[in-house]
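Numbers restart at 1 for each chain; the letters A, B, ... are given by sequence-line order, proteins then strands. Note that the structure is predicted; figures quoted are calculated from it, not measured.
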Amino acid sequence: MSTVTIPRLFDLLLQQYGQQYWWPAQSPFEVIVGAVLTQNTAWTNVEKAITNLKSAKALSAEVIVAAPMRRVANWLKPSGYFNVKAKRLRHVCLWYLEQGGYKKLCRVETARLRVSLLSVHGVGRETADDILLYAFQRPVFVIDAYTRRLFRRLGFIAGAEAYDILRSKVERSFARRKTKVMVFNEYHALIVRHAKNVCKVKPRCGECCLTAVCARCGV
DNA sequence: ACCCAGGGTCATA
DNA sequence: TATGACCATGGG
């Protein structure tokens with residue numbers, strides 16, 4: 001009998017769904033904005049907010065910092081938590097400008113860049129890692145709720161481990177691989193893609209997330 | 001009407 | 001360290 005491992009699951013998901021071509025954005029800065037706006041929010045709602053920013057020619061750190069918070073919040077409205085996110089986005093933009101912009105940030109070593117990101121109000125571990133991986137192409141694996149649930153269900157983890165414990169566990173399992181950035185990029189995207197196969201049985205059994213066929217629900 | 005979504009901060013114990 | 005309240009829109 002073959003045992004599924006963390007690297008093996010990556011192969012299986014890639015076979016099943018193919019490449020996902022993440023992050024859906026046209027620039028690194030757009031990745032950063034999207035990473036903040038997608039916090040506990042459906043991506044379709046984030047797209048609407050980003051469309052608002054583009055229509056207003058406000059998808060830039062300078063414009064966002066200069067704009068009144070009420071106006072920023074208004075652009076962000078479709079993505080939910082708009083008052084909170086307007087504040088967070090402002091902090092991120094101030095940081096981005098203070099650090100000298102994308103080119104300067106590209107020179108910062110990964111561990112330092114992570115610490116720097118985490119010092120920004122509104123940027124937690126997952127958001128920081130989204131940015132590190134998808135805006136700066138750093139070999140960092142993003143742990144989200146889907147990853148936690150799927151990996152727990154498959155017996156890779158207990159489920160309640162601290163974020164950084166899980167992250168290093170996954171990263172170590174690909175330690176010998178040369179293309180870590182590509183793998184981590186695709187793996188996280190594939191897990192999110194796979195999550196869309198969650199069964200729609202109500203009430204949710206709590207175990208049916210992230211498998212195409214839920215044994216408990218019998219779907 | 002209810003549940004959920006590509007989290008993070010803050011107060012509290 | 002570890003819970004719980006809070007933030008808020010849009011789709012199923």
Side-chain angles (χ1 to χ4, degrees), chain A residues 10 13 17 19-25 28 30-53 69-95 114-136 140-152 158-167 170 184-211 214 217 219:
Chain A
F10 170 67
L13 290 173
Y17 301 109
Q19 269 195 290
Q20 301 300 302
Y21 303 102
W22 268 33
W23 181 287
E30 187 176 333
V31 173
I32 294 170
V33 172
V36 172
L37 298 189
T38 198
Q39 291 171 355
N40 201 42
T41 300
W43 181 254
T44 52
N45 287 355
V46 176
E47 287 180 313
K48 294 170 186 170
I50 290 179
T51 296
N52 287 344
L53 291 172
M69 289 262 284
R70 259 195 315 288
R71 186 173 312 169
V72 177
N74 204 45
W75 288 325
L76 303 189
K77 193 156 292 183
S79 73
Y81 305 134
F82 48 82
N83 289 317
V84 169
K85 284 175 178 173
K87 190 174 299 181
R88 291 180 184 177
L89 189 55
R90 179 180 178 77
H91 284 290
V92 170
C93 288
L94 285 171
W95 168 85
R114 190 165 197 271
V115 170
S116 184
L117 279 163
L118 289 174
S119 74
V120 181
H121 178 94
V123 177
R125 290 171 178 79
E126 185 179 338
T127 303
D129 290 344
D130 275 335
I131 293 170
L132 286 169
L133 178 59
Y134 293 106
F136 292 98
V140 167
F141 188 82
V142 179
I143 303 291
D144 63 351
Y146 294 148
T147 308
R148 221 174 253 283
R149 276 136 76 182
L150 178 59
F151 282 15
R152 179 177 56 75
E161 292 92 336
Y163 183 97
D164 290 305
I165 299 296
L166 294 184
R167 182 169 65 89
V170 177
F184 294 160
N185 177 318
E186 204 56 48
Y187 204 164
H188 176 60
L190 285 164
I191 288 170
V192 174
R193 169 63 187 83
H194 189 54
K196 294 178 180 171
N197 282 353
V198 59
C199 75
K200 302 291 194 264
V201 173
K202 290 190 281 189
R204 297 178 67 169
C205 67
E207 294 295 329
C208 64
C209 302
L210 305 171
T211 54
C214 172
C217 294
V219 178

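- Checking the phosphate oxygens (OP1, OP2) of C/dG11, no side-chain nitrogen or oxygen of A/N45 falls inside 4.0 Å.
- A straight line from NE2 of A/H91 to P of B/dG8 spans 15 Å, rounded to a whole angstrom.
- Rounded to the nearest Å, the gap between the P atom of C/dA8 and that of B/dC10 is 15 Å.
- B/dG8 atom P lies 6 Å from atom CD of A/E126, rounded to whole Å.
- Side-chain contact, A/S119 with A/W95: no donor N or O sits under 3.5 Å from an acceptor N or O.
- Across all strands, A/S79 comes closer than 4.0 Å to no nucleic acid atom at all (heavy-atom distances).
- Within 4.0 Å (heavy atoms only), A/V123 reaches sugar-phosphate atoms of the nucleic acid but no base atom.
- In this structure, the CD1 atom of A/I143 is 17 Å from the C1' atom of B/dG8, given to the nearest Å.
- The phosphate of B/dG6 has neither OP1 nor OP2 within less than 4.0 Å of any side-chain N or O from A/R148.
- Only the P atoms considered, B/dG6 is 24 Å distant from C/dC6, to the nearest whole Å.
- Relative ring orientation between A/F184 and A/F141 is described as perpendicular, the plane-to-plane angle rising above 60° on a 0-90° scale split at 30° and 60°.
- If you check C/dA8, B/dG6, C/dG11 against the side chain of A/K48, the one that comes closest is C/dG11.
- One interatomic measurement links the two molecules: CD of A/Q20 to P of B/dG6, which rounds to 14 Å at whole-angstrom precision.
- Rounded to an integer number of Å, the gap from A/N40 CG to C/dA5 P is 15 Å.
- Other residues, nucleotides and ligands contribute at most 12 non-hydrogen atoms within 6.0 Å of the CZ atom of A/R125.
- Annotation: side chain of A/F151 is in contact with side chain of A/I191 (closest heavy-atom distance under 4.5 Å).
- Checking B/dC10, B/dG6, B/dG7 against every side-chain atom of A/H121, the shortest atom distance belongs to B/dC10.
- Between the side-chain ring of A/W22 and the base of B/dG6, a stacking contact exists by the 5.5 Å and 30° definition.
- Each of B/dT9, B/dG6, C/dA8 was ranked by its minimum atom distance to the side chain of A/R88; first place goes to B/dT9.
- Listed nucleotides C/dG11, B/dG7, B/dG6 differ in distance to A/W43; the shortest reach to its side chain belongs to B/dG6.
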Point to revise | Evaluation steps, side chain to side chain donor-acceptor pair (under 3.5 Å), between A/T127 and A/D130 | key: CA-CA 5 Å; A/T127 303; A/D130 275 335; 5.3 Å; no

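- Contact check, A/T41 against C/dT9: no side-chain N or O comes under 4.0 Å of OP1 or OP2.
- Residue-level contact check: A/N83 touches the backbone only, with heavy atoms under 4.0 Å from sugar-phosphate atoms and none from bases.
- Look at CD1 on A/I131: it is 13 Å from C1' on B/dG6, rounded to the nearest Å.
- Computed from coordinates, the A/I165 CD1 to C/dT1 P distance equals 10 Å when rounded to whole Å.
- Between the side chain of A/R148 and the main chain of A/E161, a donor-acceptor pair closer than 3.5 Å is present.
- Note: CG (A/L76) to P (C/dC7) measures 17 Å, nearest angstrom.
- Across all strands, A/K85 comes closer than 4.0 Å to no nucleic acid atom at all (heavy-atom distances).
- A stacked arrangement is not assigned to A/Y146 and the six-membered base ring of B/dG6, the conditions of a centre distance below 5.5 Å and an interplanar angle below 30° not being jointly met.
- Taking the side chain of A/V192 as heavy atoms from C-beta on, and the options C/dT9, B/dG7, B/dG6, the nearest nucleotide is B/dG6.
- Within the shown strands, C/dG12 is the pairing partner of B/dC2 under the Watson-Crick or G-U definition, both distances less than 3.5 Å.
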